[in-house]
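Have a look at the structure below, then the notes.
Every heavy atom of this structure was used, including side-chain atoms; hydrogens, water molecules and symmetry mates were not.
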Amino acid sequence: MPDEPSNHAPAMRALPVAAAIALILCTLHLSSCSGDEDKVYAANVDPERTPTMTTSNVSTLISDSGITRYKVEAPIWYVYDEAKDPRWSFPQTLHLERFDNFFNKEATVDCDSATYFKNRQLWRLDGNVRVLNLAGEKFLTQQLFWDQRKQSVYSDSFIQIIRSDRIMEGYGFVSNETMTDFSVSNVSAILPVDRNTSQTQTPDSAATGSEPAAADTAAVNPASADSVAPRSPRRPQRPRKNIQPNQ
């Protein structure tokens, strides 16, 4: 009988050690489970829909080869760097200005939304696209592409070009980046500008903050080829002059 307590003493001393080992194993298991949950959460994130960066009230200058080339202003800027085709998205309007080597403004762009594809260096401008070049000529369309690699601007949508002496309408537009050397593939109309009409500021000139040019004497709507305002109250509609593409 006196020897029995000594037989159980080693077992009693071993219990704290076993408990400590069990606690360590449980902790390792929980940590492993937590790591798996994080991995599952990361795997459920769609890089095509979830931006890696969101910026509000953007107003920034963008340089190219050490020279400031662009000014960008937008309410929202989404960056999708992890997407298959990395891009920037401006879903709530965009105001963009392009500068020459001496920081002189070459062109101004406004649109309802825009997407920039980084790897392709391609801009896609959508909805009420309005471009004003250095000569004061205006370009109104619903979609415009700007390829920075090829230094070209193009569109397949209906486009209206307002110059100081005439308004040109048509489909299929190609231009250089400064919008000073351009052509329209399928011209649907060339209309003279009536300088006697009272000058009023058009919506696109108000958006860009510029003064109305001589071409602003005719109110225009880029959504229709019959959008030119009447020459005078006595003549409700000026007949259009159809121009063949090759003339």
Side-chain angles (χ1 to χ4, degrees), residues 70 93-100 104-114 122-148 150-231 237-247:
Y70 313 102
T93 72
L94 172 72
H95 175 79
L96 186 146
E97 298 175 2
R98 174 182 164 84
F99 305 104
D100 62 13
N104 297 315
K105 190 187 301 184
E106 290 183 324
T108 302
V109 179
D110 288 277
C111 58
D112 291 346
S113 64
L122 176 67
W123 284 91
R124 188 186 70 203
L125 312 174
D126 296 296
N128 296 313
V129 182
R130 303 175 297 280
V131 182
L132 178 67
N133 67 9
L134 190 61
E137 298 168 331
K138 297 180 181 180
F139 304 80
L140 311 178
T141 184
Q142 289 300 312
Q143 188 177 69
L144 197 68
F145 292 90
W146 174 14
D147 191 328
Q148 292 181 312
K150 297 180 179 179
Q151 298 182 343
S152 66
V153 178
Y154 59 93
S155 175
D156 292 329
S157 303
F158 173 80
I159 190 166
Q160 191 172 59
I161 304 170
I162 307 175
R163 311 183 74 173
S164 60
D165 57 345
R166 63 185 181 275
I167 298 173
M168 181 184 297
E169 299 174 348
Y171 296 83
F173 174 80
V174 179
S175 172
N176 60 350
E177 287 186 304
T178 58
M179 307 289 282
T180 55
D181 184 11
F182 57 87
S183 63
V184 178
S185 300
N186 299 301
V187 177
S188 60
I190 297 180
L191 305 169
V193 172
D194 189 350
R195 298 180 181 274
N196 296 325
T197 306
S198 60
Q199 292 189 5
T200 56
Q201 190 176 35
T202 57
D204 52 300
S205 64
T208 57
S210 61
E211 292 297 326
D216 294 331
T217 56
V220 295
N221 182 353
S224 170
D226 297 315
S227 58
V228 178
R231 298 181 61 181
Q237 182 69 38
R238 164 194 307 121
R240 288 176 43 179
K241 180 180 180 182
N242 294 326
I243 306 297
Q244 297 300 322
N246 296 326
Q247 288 184 352

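- For the atom pair OG (S157) and CG (L125), the distance works out to 11.0 Å, reported to the nearest 0.5 Å.
- Remark: D156 engages no residue in a side chain to side chain donor-acceptor pair (under 3.5 Å) (not counting sequence neighbours).
- Of the inter-residue distances, the one linking Q143 atom CD with F158 atom CZ reads 15.0 Å to the nearest 0.5 angstrom.
- For the atom pair N128 CG and D112 CG, the distance stands at 4.5 Å (nearest 0.5 Å).
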Let's go through E177 and W146 carefully: what are the C-alpha distance in whole Å and the side-chain angles of both, what is the deciding distance for side-chain contact (heavy atoms from CB on, under 4.5 Å) to 0.1 Å, and is it a yes or a no? CA-CA 8 Å; E177 287 186 304; W146 174 14; 2.9 Å; yes

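- With respect to T108, the side-chain contact (heavy atoms from CB on, under 4.5 Å) criterion is satisfied by exactly one of K138, R130, E97, M179: E97.
- Proximity of a side-chain donor or acceptor of D181 to a complementary backbone N or O of N176 within less than 3.5 Å is not detected.
- For N133, the side chain to side chain donor-acceptor pair (under 3.5 Å) partners two or more places apart in sequence, or in a different chain, are E137.
- Distance check: I190 CD1 to M168 CE gives 4.5 Å after rounding to the nearest 0.5 Å.
- Partners of E106 according to the side-chain contact (heavy atoms from CB on, under 4.5 Å) rule, which considers only residues two or more places apart in sequence or in another chain, are R98, D100, T178.
- When V109, L96, L144 are each tested for a side-chain contact (heavy atoms from CB on, under 4.5 Å) with W123, only one passes: L96.
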Start with the C-alpha gap between I161 and F173, add the side-chain angles, then the distance that decides, and say whether side-chain contact (heavy atoms from CB on, under 4.5 Å) holds. CA-CA 10 Å; I161 304 170; F173 174 80; 3.9 Å; yes

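- Counting only distance, with no hydrogens or angles, the side chain of S175 and the backbone of V153 share no donor-acceptor pair below 3.5 Å.
- T141 contributes no side-chain N or O that, together with a main-chain N or O of V129, makes up a donor-acceptor pair within less than 3.5 Å.
- In plain terms, the two heavy atoms of C111 and A114 that are nearest each other are SG-CB, 4.0 Å.
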